[in-house]
Amino acid sequence: MILVNEPLLDGNEKKYLVECIDTGWISSEGPFIKAFEEKMAAAVGRKYGIAVSNGSVAIDAAIVALGIGKGDEVIMPSFTIISCAAAVVRAGAKPVLVDSDPLTWNMDIDQVEAKITSKTKAIMVVHIYGLPVDMDPIFALAEKHGLKIIEDAAEIHGQTYKGRPAGSLGDISTFSFYPNKHITTGEGGMIMTDDEALANKCRSLRNLCFIPEKRFYHEELGFNFRMTNMQAALGLAQLERLDEFVVKKRRMGEQYTSLLQGVTGIQLPLEKTPYAENIYWVYGIVLNDDIPFDALEAMKRLGAEKIGTRPFFWPMHEQPVFHKMGLFVNEKYPVAERMARRGFYVPSGLALKSEQIDTVSAAVKKMLSK
Ligand SMILES: *Cc1c(COP(=O)(O)O)cnc(C)c1O
């Protein structure tokens, strides 16, 4: 079986983990946390990094830290992971959706302004599958309407937008270090900002809003979103290789494209846009409408050839859990709907070998030639 994702853990990961065991620092107290936060902040060009237990809760904390709550609205793409909308809903606010661009698969920035109301507090941009959102129009809208920008950078470590690091573009940004991301801590995430007050707020929220001078006395409700020293040890070792990993991902994406270019019936990821070159977090494929089967069937057929795949995101406006809350009922975002039904991705992990990319590409071609 060629797995859809296999991480690469052959740097200093083991050495740093053994250090945690040998020194006894296995909780969220321990030197690797601070080192990882500082190195990550330096890599992204941000002042503050707050390590948390995963990328989803990083968004929860960011929303709460910005003071977004009841009566507020946050504009975001329908085509994303549920973590984005869930954080807004849990805070008591309302996600307001836009459709996607059919070529970049990112939010359609031309649809954002029409969704801004007097209740809008923020725009949540989510960089999808390896290409950043075109940020300049978003910056202009945020400025014009006095909105915050929340940047979900979970899929885009090491990417840039017009030369600026992804993750440095929002008022607050969030990363995930799940094993399929460019760098992993097993489970883990980070909130990043240049705003000291926001950073302090996130640090407090992460640790149950304990007050240092008065332990077990609380003025606000927080969470236990702490990352362990062991996770940070992995993260530090991974971060040492981020540049190398991005080069490798680009090479993998380029190999897939060179093998699949010109195959009829499929749409491949864009190699570049005027503002960025793809880093192929995952290598996505969208079936054209004239292919007589959908993504689910394609994944089944590739599975029979021992090739792991994953479907594209299922849009937020088609989630039963939100319909039950009365959200997004009868809303339509045709591009996101089509991507969900026609899109899937092929093995894209950092441990994937060149011969395996050949095998996967041959299987995709065979499936389409029948
Ligand atoms: C992976 C991912 C997350 C969630 O990260 P977890 O660490 O799995 O909770 C959030 N947003 C996007 C866009 C992601 O791809």
Side-chain angles (χ1 to χ4, degrees), residues 4-5 7 36 40 44 49-64 74-91 95 97-98 100-101 104-107 122-133 135 149-159 161 166-167 169-170 172-192 202 206 223-228 230-232 234-235 238-239 249 269 278-284 310-316 319 336 339-340 343-345 348-350:
V4 74
N5 176 69
F36 183 41
M40 187 69 191
V44 175
I50 301 98
V52 291
S53 36
N54 58 67
S56 300
V57 301
I59 305 172
D60 280 283
I63 295 284
V64 176
V74 177
I75 298 172
M76 66 175 69
S78 184
F79 187 79
T80 182
I81 192 165
I82 196 160
S83 316
C84 304
V88 171
V89 168
R90 273 195 211 102
L97 306 177
V98 296
S100 299
D101 178 286
T104 64
W105 304 333
N106 273 313
M107 69 197 292
I123 302 169
M124 190 188 295
V125 297
V126 187
H127 308 300
I128 299 284
Y129 298 166
L131 276 176
V133 171
M135 293 299 294
I149 298 174
I150 303 158
E151 183 189 10
D152 181 348
E155 303 181 355
I156 203 135
H157 322 56
Q159 179 58 289
Y161 171 76
L169 307 165
I172 195 161
S173 55
T174 61
F175 282 92
S176 163
F177 307 115
Y178 191 70
N180 64 355
K181 314 293 179 175
H182 295 115
I183 58 171
T184 183
T185 60
E187 298 283 353
M190 200 174 290
I191 309 157
M192 318 217 65
C202 290
R206 160 180 79 175
F223 310 89
N224 177 354
F225 286 165
R226 300 183 301 251
M227 175 186 269
T228 70
M230 296 181 287
Q231 290 165 299
L234 278 182
Q238 290 266 294
L239 187 53
K249 278 278 194 176
N278 208 329
I279 58 169
Y280 306 98
W281 171 54
V282 293
Y283 196 88
R310 285 283 181 285
F312 270 17
F313 292 128
W314 199 260
M316 292 306 106
Q319 299 288 350
M339 279 154 57
F344 62 98
Y345 61 87
S348 309
L350 278 157

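Both counts, for ligands and for their atoms, begin at 1 and track the order of listing. Side chains are part of it too, since the values below use all heavy atoms of this structure and drop only hydrogens, waters and symmetry mates. Nothing fancy with the numbering, it's 1 onward along the sequence. The structure displayed is predicted, hence computed values, not measured ones.
Formation of a donor-acceptor pair under 3.5 Å by the E155 side chain with backbone atoms of Y129 is found in this model. Under the 3.5 Å distance criterion, the side-chain polar atoms of Q238 are left unmatched by any main-chain donor or acceptor of T185. Without hydrogens or angle criteria, E151 side chain to L169 main chain gives a donor-acceptor distance under 3.5 Å. The main-chain N or O of G167 is found under 3.5 Å from a side-chain atom of S173 such that the two form a donor-acceptor pair.
The protein atom (non-hydrogen) at minimum distance from atom 11 (N) of ligand 1 is D152 OD2, 2.6 Å. The protein non-hydrogen atom at the shortest distance from atom 14 (C) of ligand 1 is K181 NZ, 3.0 Å.
For ligand 1, the atoms sitting less than 4.0 Å from at least one non-hydrogen atom of N54 are 7 (O), 9 (O), numbered in the order shown with element in parentheses. Which parts of ligand 1 touch V126 is read off a 4.0 Å heavy-atom cut-off, strictly below it: atoms 13 (C). Within the listing of ligand 1, atoms 4 (C), 5 (O), 6 (P), 9 (O) sit less than 4.0 angstrom from a heavy atom of S56.
Ligand 1 has no N or O atom lying under 3.5 Å from any N or O atom of F313, backbone or side chain. The distance criterion of under 3.5 Å between nitrogen or oxygen atoms is not met by E187 with respect to ligand 1. Note: an N/O pair closer than 3.5 Å links S176 and ligand 1 by distance alone.
Taking the six-membered ring where tryptophan is involved, the planes of Y345 and F312 are tilted, since the angle between them lies from 30° to 60°.
Atom OH of Y178 has 12 or fewer heavy atoms from other residues, nucleotides or ligands within 6.0 Å.
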